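Structure record follows, encoded as structure tokens.
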Protein chains: 2
Amino acid sequence: MDKPINKKRARGKLSRDRIETSAFEVIEREGLSGFSMRKLAQALGCEAMSIYHHYPSQAHLFEALVDRLIGELEIPPRDLPWRQRVRNVLHGYRAMARKYPAFVPFIVTYRMNSPKCLKWLDGVIGLFEDGGFGRERSARLFRAVGYYLMGAILDETAGYARGPSSVTKVDDEQLRSDFPNVAAAGPYFAPSEFDKTFEMGLEMMLDEMGLEVAGNGHAGLSGAGQKP
Amino acid sequence: MDKPINKKRARGKLSRDRIETSAFEVIEREGLSGFSMRKLAQALGCEAMSIYHHYPSQAHLFEALVDRLIGELEIPPRDLPWRQRVRNVLHGYRAMARKYPAFVPFIVTYRMNSPKCLKWLDGVIGLFEDGGFGRERSARLFRAVGYYLMGAILDETAGYARGPSSVTKVDDEQLRSDFPNVAAAGPYFAPSEFDKTFEMGLEMMLDEMGLEVAGNGHAGLSGAGQKP
DNA sequence: GCTTGACAACTTACACTGTAAGGCTCATCA
DNA sequence: TGATGAGCCTTACAGTGTAAGTTGTCAAGC
């Protein structure tokens, strides 16, 4: 009774752009595990299989989603202080993650290999090399800072503050009596504290790297430092 | 032709212990997304629905798996130097993750709230409080170090070194010419470098915390330091 | 030994998933 | 005008988690 005789095909209705935009919406609305090609199709007003004319598989679609997000990120210009450039890169990534929280679990487990993603990766690693640490140390610092960033966005979007995902629950009273340290730390795990905690950890790592670059004090200002 | 007339029920064959052990095996063999109740049942030599007599849902089963893993972790004794205690906790968690790499994506997105997990959490937060940072700083340092750890085990188990998960691939030649920084950093992203990179980042964070605890030098030896 | 009850396994069934294979319609071009 | 192919739809299949109901098995009480 829904669509009586309207057999007209909606030609040209779909496009990669429209599909991807809808996909983000469905993912955020239904959650990553609640997403399905059929729900996406419904949001688009088409049949599920129509999407397969634009992407050969769901994996290809998701890959396009990552590409779109990473493609919007920028590498901070070289005329900024080095430390500020690193901050900007991390904040940019984190902002993207917080814009699409439901998609984060996919992002952090996705191994990027598309040109768009590699270009961004190349820029970020280059940024670390600009710090003058040399190839090896740059690579490792990039990794270490990346670990921190991935863990942070994961916790901030899918973490404890969203409530327990476990089925067996411990109520507040028992928490306070049996797990006092957790109870005491609880307030600092709240979403309102995310920024402050993230900055603290980030500046810790930057301090260490600054120590290294400048030899002693907290410098690590700009451009390419000394190479070993 | 498989089971001709053998209608005998295998009573008491199943147990939570046996199911969980098999579940870990199936997860590691088939991957997290390849896991299913039916495959688990097959590994156990029973029907899928029989498992539901021991766990009301797959979520409950997975929760039990996390509980089992976390339950095996230990809080390092207080007579060890503080810095060593932190190292031990992180190494313990990381070793667990590397033992069940396919399960890691679930672990890092799981919000623990069972008594067993909370007990461990309480111990770890308490360990940070033993560092003498005070409640707030302890909570934030716990979080920051946790971010680093989660990101690390995620990359080491599900990360780039396992090969790209993307569908569009860039070959090595193009990588070297178009993304030289990535190509140069590549060797340091290999699994053989995991330990070294992890230690570097960990010691960086410990150094910062040591600086804070001791006031200046790299100390932060043992027990409860001064509280602000 | 026989009956009874509860427990632990099995059977069936349903709504949902991704997607392979093929069909239909229409704009474009020869 | 007829052919082509792009763009969407239909059908179908093997897989998923799990609700509901059934049946085989064993221990306890008579």
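Just the heavy atoms: all of them, side chains too, but no hydrogens, waters or symmetry mates, feed the values below. So that the names make sense, note that chain A is the first sequence line, chain B the second, and so on, each numbered from 1. Keep in mind that what you see is a predicted model, and the values were worked out from it rather than measured.
One interatomic measurement links the two molecules: CG of L61(A) to C1' of dT19(C), which rounds to 14 Å at whole-angstrom precision. Protein atom OH of Y52(B) is 14 Å distant from nucleotide atom C1' of dA20(D), rounded to whole Å. The interatomic distance linking Q42(A) (CD) with dC8(D) (P) rounds to 18 Å, in whole Å. One atom, CG of L44(A), and another, C1' of dC9(D), lie 15 Å apart when rounded to the nearest Å. Note: CD1 (I19(A)) to P (dG7(D)) measures 11 Å, nearest angstrom.
At least one donor-acceptor pair closer than 3.5 Å links the side chain of Y148(B) to the backbone N or O of F198(B). In this structure, R18(A) contributes its side chain and K13(A) its backbone to a donor-acceptor pair below 3.5 Å.
Both S36(A) and M49(A) sit near DNA chain C, but only S36(A) has its closest nucleotide nearer the 5' end.
Using a 3.5 Å distance cut-off with no hydrogens or angles, the side chains of E20(A) and H54(A) do not pair a donor with an acceptor. In this model, no donor atom of one side chain and acceptor atom of the other lie less than 3.5 Å apart for S50(B) and H53(B).
The salt bridge (Lys or Arg N to Asp or Glu O under 4.0 Å) contacts involving residues 177-191 of chain A comprise nothing, where partners must be two or more places apart or lie in separate chains.
Listed nucleotides: dC10(C), dC8(D), dG17(D). Nearest to the side chain of M37(B): dG17(D).
For a distance-only test at 3.5 Å, the side chain of R38(A) qualifies as a donor-acceptor partner of the base of dG18(C).
DNA chain C lies under 4.0 Å from at least one heavy atom of each of the following residues of residues 53-60 of chain B: H53(B), H54(B).
R140(B) is linked by a side-chain hydrogen bond (donor to acceptor under 3.5 Å, both in side chains) to E193(A), T197(A), E136(B), counting only residues two or more places apart in sequence or in another chain.
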